[in-house]
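Below is one structure, written out as C-alpha cells; comments come after it.
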Amino acid sequence: MPATRPNSVLPGDLPAGRPMRGRAYPRPGGSALRTMLFLVRLAVFLSLWGCSNGQGQTEDGSTEDVKIEVLHRPENCSKTSRKGDLLNAHYDGYLAKDGSKFYCSRTQDEGHPKWFVLGVGHVIKGLDIAMMDMCPGEKRKVIIPPSFAYGKEGYAEGKIPPNATLMFEIELYAVTKGPRSIETFKQIDTDNDRQLSKAEIELYLQKDFEKDAKPRDKSYQNAVLEDIFKKNDHNRDGFISPKEYNVHQHDEL
C-alpha cells in the first residue's frame, strides 16, 4: 500500500518475481518485466530514504504500536529482511473494526505477488515496520494503527475510512538485495574512492538503460542524472558520498 495517494491500494504495478519453490504464478513477458524492473530500480535510486521505528504518535501525544503475530516461521532461515531489501510477498488487508476485506493481492493484477523495497515508503509505514526481520516463507498477521496507516484522512479510493486500524495477513516469498545496498555502491564506484561522481553514475545508468525494453535518448538520461544529483548531493560538491547515498548502517564500505 503506497504511502501517498496512488492509483491502487498496493504497488500492483511492480513486477511479479520468482515465487517460493513449489508454487507457480503467471509472470509477465520478458519485455514487460524488464521495463517494470527498470522502473523499480530507477524510482528507488531517485528517492530519499526515511527512517522507520516501531511506534506512531497520535494527536494527543500518546504512542501506538504495530502489533505482529508470527503465524509460521520456517525452521531454516538463513536470511531475514532488512531495510533496503527487495521483497516479494502477498497481502490480504482488512479493516480491524469489522473484518471487512479492502484488498487482496491474489485477486489483483492477475494474482502476482508484489515486489517492493522495504523501508523506503513503497508501502505504508506500518507494513515497512511489520515486515522487518521476516524469513522467506514466513507468514504474519499484523495490526497497524491509523498513525502508521492512513491517519485521520483515510483513503476513500481504497475504501479505508478516517482513523482506521488495519489488519494484514502477509506471506513473504523472497528477500533479495535492494538497489541501495553496499554491493550496488561498490559497483557504481569504479575508482574505489568511496564517492560517486557524475561520470560513474552516468555509466551505471547507461548500462541500466540498455537493459530497458524501451531505450531512452541522451536528453532523458541527462535529465535523470541531474535529478539524482539534485536530490542526493546535499552538500553540492559534485559527488555522492555513502551517507548521501544512504548505504544502510549495518553495511560497511
Side-chain angles (χ1 to χ4, degrees), residues 1-17 28 30-52 82-88 109 114-125 127-128 176-251 253:
M1 180 175 300
T4 55
R5 295 296 179 265
N7 292 324
S8 59
V9 178
L10 287 172
D13 57 329
L14 303 184
S31 176
L33 179 60
R34 286 192 299 272
T35 300
M36 288 186 287
L37 285 172
F38 168 78
L39 292 174
V40 172
R41 292 193 302 268
L42 182 59
V44 176
F45 201 106
L46 292 174
S47 66
L48 293 175
W49 290 21
C51 297
S52 297
R82 301 185 296 182
K83 178 182 176 183
D85 284 340
L86 187 62
L87 306 188
N88 188 228
D109 304 300
K114 309 308 174 191
W115 280 108
F116 68 94
V117 178
L118 185 65
V120 304
H122 279 180
V123 292
I124 57 173
K125 192 172 184 180
L127 283 175
D128 272 336
T176 60
K177 279 289 184 181
R180 292 224 177 183
S181 66
I182 186 63
E183 290 83 2
T184 303
F185 186 95
K186 289 180 176 179
Q187 182 182 355
I188 302 172
D189 184 22
T190 55
D191 61 6
N192 299 315
D193 65 350
R194 293 170 53 86
Q195 59 183 0
L196 306 181
S197 67
K198 281 193 174 183
E200 288 172 328
I201 295 179
E202 183 177 22
L203 178 62
Y204 178 80
L205 286 175
Q206 178 62 41
K207 293 178 179 178
D208 226 29
F209 283 129
E210 290 173 355
K211 300 174 185 177
D212 189 11
K214 297 179 180 179
R216 315 292 177 170
D217 60 32
K218 189 66 175 178
S219 62
Y220 178 84
Q221 296 177 32
N222 290 340
V224 170
L225 182 63
E226 290 302 319
D227 196 45
I228 287 171
F229 272 83
K230 180 180 179 181
K231 293 181 178 178
N232 294 273
D233 182 17
H234 305 309
N235 63 5
R236 299 294 183 255
D237 66 349
F239 295 90
I240 295 177
S241 67
K243 182 177 180 180
E244 291 170 326
Y245 182 80
N246 279 317
V247 169
H248 310 307
Q249 294 180 4
H250 58 252
D251 293 325
L253 284 170

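Contact annotation: the side chain of R82 never approaches that of L118 to less than 4.5 Å [non-hydrogen atoms, C-beta and beyond].
Of all heavy-atom pairs spanning P242 and R194, the tightest one is CD-O, 3.2 Å. The two residues I228 and N232 have their closest heavy-atom pair at O-ND2, 2.8 Å. Across E244 and H234, no two heavy atoms sit closer than the pair OE2-N, 3.0 Å. Closest of all the heavy-atom pairs between K198 and L225 is O-CD1, 3.9 Å. Residues D233 and F239 share a closest heavy-atom pair of OD1-O, 2.9 Å.
Between I240 atom CD1 and K231 atom NZ the span is 12.0 Å, to the nearest 0.5 Å. The structure places CD of Q187 at 7.0 Å from NZ of K207, a figure rounded to the nearest 0.5 Å. To the nearest 0.5 Å, atoms CG (L196) and CD1 (I188) are separated by 5.5 Å. Annotation: the span from F116 atom CZ to D128 atom CG amounts to 6.5 Å, rounded to 0.5 Å. Taking CG of D237 as the start and CD of Q195 as the end, the distance is 6.5 Å to the nearest 0.5 Å. Rounded to the nearest 0.5 Å, atoms CG (L86) and NE2 (H122) are 9.0 Å apart.
Panel note: side chain D189, backbone D193; a donor-acceptor pair is recorded below 3.5 Å.
Every residue two or more places apart in sequence or in another chain was checked for a side chain to side chain donor-acceptor pair (under 3.5 Å) with T176, and none qualifies.
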